[in-house]
Amino acid sequence: MAGIHMSSVLLLVFVSLSCSEARDHLVGGKSGAWKVPTSDAESLNHWAEKSRFNIGDSLVWEYDGSKDSVLQVTKRDYVTCNTSKPIETYTGGSTKVKLAHSGPYYFISGANGNCEKGQKVIVVVISERHRNLIISPAPSPAESEGPAVAPAPASGAGSLRGGFLAVVLGALLVAVGKLI
Ligand SMILES: *[C@@H]1O[C@H](CO)[C@@H](O)[C@H](O)[C@H]1NC(C)=O
């Protein structure tokens, strides 16, 4: 009995974790949004803060390739809007960059003067380790949490199940958080 429960719970954990399939993020939320923002609400970092980026996701830019480009730069060059030595230069009007590692990515416009006017964006990719840290407060099976999550289970197998439920809840919270 407990064995069946455990495997179905593990399956749930697996399913909710694998919901994090790779996504494409259109920078700015719409085509042509890679431009000098006209208001704070339109700023690209405002957009980035509302999104959740995972390893394996991609950023997509749609812009006028005859007037603009996308430069991936260091933090320092992001802050100072220095376009002279980008890590990568993307041109052509349609750019896709895969987010292969966790941490911050810095992008600025290659159009003269645009970065200074706010055409820049920081994208922070969540690491797997960080995500596991969020989930890990699940208690050890020996001293189950019980009341906070569900009515305290009576048997040993039950408390083990409670621990797994906490993990599932954690995973679901993370999954839901990603949707918001
Ligand atoms: C821009 O970066 C280059 C290369 O890192 C550096 O040589 C140059 O001094 C920088 N320019 C400014 C204005 O900081």
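Remember, predicted model here, so these are calculated numbers, not experimental data. Ligands are counted one by one from 1 in listed order, and the atoms in each one are counted from 1 as well.
Ion pair D24/K96 flagged as a salt bridge, since at least one NZ, NE, NH1 or NH2 atom sits closer than 4.0 Å to an Asp/Glu carboxylate oxygen.
Nearest to atom 3 (C) of ligand 1 among the protein's heavy atoms is S84 OG, 3.3 Å. Atom 1 (C) of ligand 1 has N82 ND2, 1.4 Å as its closest protein atom, hydrogens excluded (heavy atom only).
Here the closest non-hydrogen pair linking V121 and A48 is CG2-CB, 3.9 Å.
Within the 3.5 Å criterion, the main-chain N or O of T38 finds a donor-acceptor partner in the side chain of E42.
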- Given side chain to side chain contact (heavy atoms under 4.5 Å, CB included), test D77 with Y106 step by step and report yes or no. CA-CA 9 Å; D77 288 346; Y106 302 92; over 6 Å; no
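Distance check for atom 9 (O) of ligand 1: every protein heavy atom is found at 4.0 Å or beyond.
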